[in-house]
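Report on one structure; see the data block that follows.
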Amino acid sequence: MQVPYALPKTKPYTHEQVKALFKKAGIPIAQWAKKNNFPVNRVYLLTNGLIKGNYGVSHDIAIKLGLKIPEIQVA
């Protein structure tokens with residue numbers, strides 16, 4: 001399941017923007033996490049800004065949510 005919004009091209013979304021976009025689309029973050037086989041608590045930690053998502057699964061989640069821009073797109 002893709003995120004219910006367009007991913008950013010140059011500047012990543014903020015945590016508040018991601019939460020607002022999910023709310024606007026009417027899709028619970030937990031539902032999105034489960035559909036994408038991500039740990040729900042890790043997705044919530046990222047969307048609340050409690051972890052940065054620099055490595056591993058957290059990094060993958062941050063990219064899928066638009067909290068980070070993929071390295072390929074930056075280069």
Side-chain angles (χ1 to χ4, degrees):
M1 172 183 224
Q2 295 292 331
V3 288
Y5 50 85
L7 291 176
K9 302 274 188 225
T10 56
K11 184 179 175 188
Y13 289 130
T14 65
H15 311 294
E16 293 81 19
Q17 287 174 319
V18 169
K19 289 191 287 187
L21 289 166
F22 268 97
K23 186 174 183 176
K24 181 179 178 184
I27 297 175
I29 292 173
Q31 178 186 353
W32 179 87
K34 289 175 187 175
K35 293 256 184 191
N36 286 284
N37 297 316
F38 290 132
V40 175
N41 66 332
R42 183 100 35 112
V43 176
Y44 275 116
L45 289 172
L46 277 163
T47 56
N48 287 316
L50 299 174
I51 58 175
K52 295 181 181 181
N54 289 332
Y55 305 101
V57 174
S58 297
H59 182 73
D60 296 339
I61 297 168
I63 288 175
K64 280 216 171 212
L65 290 173
L67 292 168
K68 291 187 176 268
I69 305 293
E71 293 176 17
I72 296 169
Q73 204 171 357
V74 173

Q.
If hydrophobic clusters are built from ILVMFWY residues whose side chains come within less than 4.5 Å, do Ile27 and Phe38 share one?
A. yes
Q: Walk me through it: do Val3 and Leu65 pass the test side-chain contact (heavy atoms from CB on, under 4.5 Å)?
A: CA-CA 7 Å; Val3 288; Leu65 290 173; 4.1 Å; yes
Q. Are Val43 and Leu21 in one and the same hydrophobic cluster, where Ile, Leu, Val, Met, Phe, Trp and Tyr link if side-chain heavy atoms are under 4.5 Å apart?
A. yes
Q) Which distance, rounded to the nearest 0.5 Å, do you find between the NZ of Lys23 and the CD1 of Ile29? A) 11.0 Å
Q | Nearest heavy atoms of Pro8 and Gly66, plus distance in Å | A | CG-O, 3.6 Å
Q | Leu67 vs Pro12 side-chain heavy atoms within contact, under 4.5 Å | A | no
Q: Tell me, please, which residues at least two apart from Ala30 pass side-chain contact (heavy atoms from CB on, under 4.5 Å).
A: Val40, Tyr44
Q) Which side chain to side chain donor-acceptor pair (under 3.5 Å) pairs, counting each pair once, include a residue from residues 27-41, with sequence neighbours left out? A) none
Q) Can you list the residues that meet the side chain to side chain donor-acceptor pair (under 3.5 Å) rule with Asn48, with sequence neighbours excluded? A) Lys19
Please report, to 0.1 Å, the donor-acceptor pairs under 3.5 Å made by any side chain of residues 52-61, with sequence neighbours excluded.
unit_1 : atom_1 : unit_2 : atom_2 : d
Asn54  : OD1    : Lys68  : NZ     : 3.2
Ser58  : OG     : Arg42  : NH1    : 3.4
His59  : ND1    : Gly53  : O      : 3.1

Q.
So, using ring pair (Phe, Tyr, Trp, His ring centres under 6.0 Å) as the criterion, who are the partners of Tyr5 when residues are at least two apart?
A. Tyr13, Phe22
Q. If you take all heavy atoms of Leu46 and Ala62, which pair is closest and at what distance?
A. CD1-N, 4.0 Å
